[in-house]
Amino acid sequence: MTATTEHIEREVAIVPPKDHTPVIRSLDPSDFPTPTSRDEEFRFTPMSKLRDLHKGDVPTTGGVAIAVNKVPGATFELTSAKTGERQGFTDKIAAGAWANVDSVSTLTISADAQLEESVVVSVVGSGAVSYGQLDINVEKFAKAVVIVDHIGDATYAGNIDINVADGASICVVSLQDWDAKAVHLAQHRITLGRDSSAKHVLITLGGEVVRILPSVVYTAPGGQAELFGLYFASAGQHAEHRLFVDHSQANCRSNVVYKGALDGEDAHTVWVGDVLIRANAVGTDTYEINRNLVLSGGGRADSVPNLEIETGEIVGAGHASTTGRFDDEQLFYLQSRGITPDEARKLVLRGFFEDLLGQISVPEINDRVRTSIETRLGGHI
Amino acid sequence: MSVIEIKGLTVQVTTEDGPKDILRGVDLTVKAGEVHALMGPNGSGKSTLAYAIAGHPKYSITGGSVTLDGQDVLAMSVDERARAGLFLAMQYPVEVPGVSISNFLRTSITAIRGEAPNLRHWIKELKESMAGLQIDPQFAERNVNEGFSGGERKRTEILQMELIHPKIAVLDETDSGLDVDALRVVSEGINRVCAKGETGVLLITHFTRILKYVKPDFVHVFYDGRIVREGGSELADEIEANGYAQFVTA
Ligand SMILES: Nc1ncnc2c1ncn2[C@@H]1O[C@H](COP(=O)(O)OP(=O)(O)OP(=O)(O)O)[C@@H](O)[C@H]1O
Ligand SMILES: [Mg+2]
């Protein structure tokens, strides 16, 4: 293996405002045409492996088991009625999930509550086709960490809507630690109030196909979003993360860091980072970076940063994307100190994710992620 | 008493224009307790020799032999060579992002000694070594060589040598880039290891200034991929005074 590193730092031009309203926004899957791989949004997606979830009409064959720990300041409810206002989704999969879901899970973090303990929503699949809708409502000036832990096997389309009220602060970690055969498709929609902040973390380790679309909308000035992602795809796995940050308010910040490693034949990862700074979003500060490490032959990492800027009156905007292989010189250095090739690769891989785990800084996640990655490395490394 | 014996070693590198001969028959024997200085002009192949001994995959051995206490070094993998007792302090130590010095050293020591060191002893040992080399204790938590200055990297190489306590240490221009104080500190570190009498040192250098602290028993002049002259420390002074031209015609 030779060390190859590509680095893309594209020039960013200021473009005139465009109409960015999605073509269709609806809660009804029949309003959408069935997506195909010719659609821009699906061009990297293995449509044949989605088990028809993209058609929006596959009936439920069983549920996922949801359990939540009790934490003072947080309340969890399951309701069968789909009441209340909800913004339409932007694709057939998400609308299909909404149309087919039996009950809505609502987690509310009470106003002013500062949760001492993380809320853990555990989602356990049992192999069935199932749907989910989780609403995380963070009331004014509340502060909490929520971990949504997906395990087991499932064919699952489940959306998460995260509503962060003025002055509130939330960290949501969604862990995709599925068994090898799971398919998981989701939209995570974050809505940020005035001076609120959200840290959103996707950790995708398991599943045959995982495709998650996080989005951030600012409803007032002063919002801050940190979007972190850590993914590991081994042979035959497809892990896709497409995010959209819509800067439509003044003086908001976003920081996106996604890092992934690929190991084995046909491992495929996709990262698309769309950041839009609208004409009125003066004082915006945004940066996004995606780094991929290909551990062994045959893996493919697609990485598409996309920054669109309609105003020059911003604090900063930047993006970067790198994809590299194991650095032979690093491995040689470690081995020349007696460390076996396997152990050397593990050290380098752990090191690759270490700064990101530091930024994520949810202690109960770190050990779990390290262990899971090393287990999944199996005999490859 | 350990001994490394290099006989008739020839080495190639692969370049865009095909293989290129770099080492053209190197003969050298270094025994534990001895200090050998290897001096030679830029590009003469000193680092190539060091890397070939350590087993860097970029260099292919086309002839000759290297043995450590009779064992065939060339048949060993890189990590096996290190565990057998070879150590290379690199001319350009590599950064390893995300891996802390303390984690790296503990992993290395565990591999080399064959068992994890007793934690309490280990922390004490590490602290003492770092103090001896005047390395700030905070470096233990920094990532390997990441953002280290040239001199800090060299000190850290000697820290590793001291902890690993190898049979044979090849130090590739460890003195380059050191300020006068660092040179003294690093030299003392090398001498501490030498004083135990169990390590043979091959010191690759361009300058006699380190040889004022670390006294060589032998000086070898390297030119165009082979040793062209051998002698005592007076040879180093001769080089300093007159350069390498005298050896070309020799
Ligand atoms: N990959 C390579 N392709 C072409 N030439 C190479 C390659 N690697 C090494 N060489 C050449 O081999 C020769 C010996 O290099 P080496 O690094 O061993 O020299 P050195 O004696 O250590 O020099 P210095 O004193 O500058 O450190 C040089 O001419 C160098 O350019
Ligand atoms: Mg050199």
Side-chain angles (χ1 to χ4, degrees), chain A residues 1-5 7 228 230 232 257-261 289-295 320 322-361 366-367 369-370 373-374 377 381, chain B residues 14 50-59 76-115 141-146 153 156-157 159-161 163-166 169-170 172:
Chain A
M1 266 183 300
T2 49
T4 55
T5 303
H7 197 90
F228 296 134
L230 184 160
F232 180 83
V257 183
Y258 270 67
K259 281 185 145 187
I289 181 162
N290 175 227
R291 292 191 59 200
N292 295 294
L293 182 63
V294 183
L295 307 187
T322 63
T323 296
R325 291 191 170 269
F326 264 137
D327 183 334
D328 286 342
E329 296 302 325
Q330 286 175 10
L331 294 177
F332 172 73
Y333 189 67
L334 295 171
Q335 288 168 49
S336 77
R337 299 315 184 233
I339 299 168
T340 61
D342 279 6
E343 189 66 20
R345 289 193 193 96
K346 272 188 193 166
L347 270 180
V348 171
L349 179 64
R350 234 182 275 153
F352 175 72
F353 285 127
E354 207 50 43
D355 63 330
L356 179 58
L357 286 172
Q359 286 182 80
I360 291 170
S361 111
N366 289 11
D367 283 345
V369 171
R370 287 194 193 101
I373 288 177
E374 285 180 16
L377 276 174
I381 196 158
Chain B
T14 356
Y51 277 127
I53 294 170
H56 194 293
K58 208 171 81 181
Y59 302 92
M76 299 179 199
S77 63
V78 176
D79 52 312
E80 282 168 353
R81 294 179 196 204
R83 293 197 297 274
L86 293 177
F87 178 84
L88 167 61
M90 293 189 202
Q91 187 173 358
Y92 304 107
V94 180
E95 294 185 9
V96 191
V99 179
S100 71
I101 287 282
S102 79
N103 183 14
F104 165 60
L105 290 176
R106 199 167 7 86
T107 311
S108 163
I109 290 297
T110 302
I112 287 191
R113 295 183 190 167
E115 60 178 2
E141 292 321 312
R142 285 183 59 178
N143 293 334
V144 176
N145 293 321
E146 205 175 41
R153 289 182 192 213
T156 310
E157 293 291 285
L159 172 68
Q160 294 171 45
M161 172 172 87
L163 293 166
I164 287 174
H165 193 59
V170 180
D172 192 357

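These figures come from a predicted structure and were not determined experimentally. Numbered from 1 within each chain, the chains take letters A, B, ... in sequence-line order. The figures here come from the full heavy-atom set of this structure, side chains too, leaving out hydrogens, waters and symmetry mates.
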Chain A contacts, top residue of B:Ile112, B:Val144, B:Leu86, B:Ile109 (heavy-atom pairs, under 4.5 Å)
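It is B:Ile112.
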Taking all non-hydrogen atoms of both residues into account, name the closest pair between A:Gly338 and B:Ala111 and its distance.
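Shortest heavy-atom separation between A:Gly338 and B:Ala111 comes out as O-CB, 3.1 Å.
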Write down the atom of B:Ala54, the atom of A:Phe332, and the distance for their closest heavy-atom approach.
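B:Ala54 and A:Phe332 have their closest heavy atoms at CB-CZ, 3.9 Å.
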Between chain A and chain B, identify every pair of one donor and one acceptor N or O atom lying under 3.5 Å apart.
residue  : atom : partner  : partner atom : Å
A:Glu329 : OE1  : B:His56  : NE2          : 3.1
A:Glu329 : OE2  : B:His56  : NE2          : 3.1
A:Gln330 : NE2  : B:Glu95  : O            : 3.4
A:Tyr333 : OH   : B:Asn145 : ND2          : 3.4
A:Tyr333 : OH   : B:Glu157 : OE2          : 2.3
A:Tyr333 : OH   : B:Gln160 : NE2          : 3.0
A:Arg337 : O    : B:Ser108 : OG           : 2.9
A:Arg337 : NE   : B:Gln160 : OE1          : 2.5
A:Arg337 : NH1  : B:Leu88  : O            : 2.7
A:Arg337 : NH2  : B:Leu88  : O            : 2.9
A:Arg337 : NH2  : B:Glu157 : OE1          : 2.7
A:Gly338 : O    : B:Arg83  : NH1          : 2.9

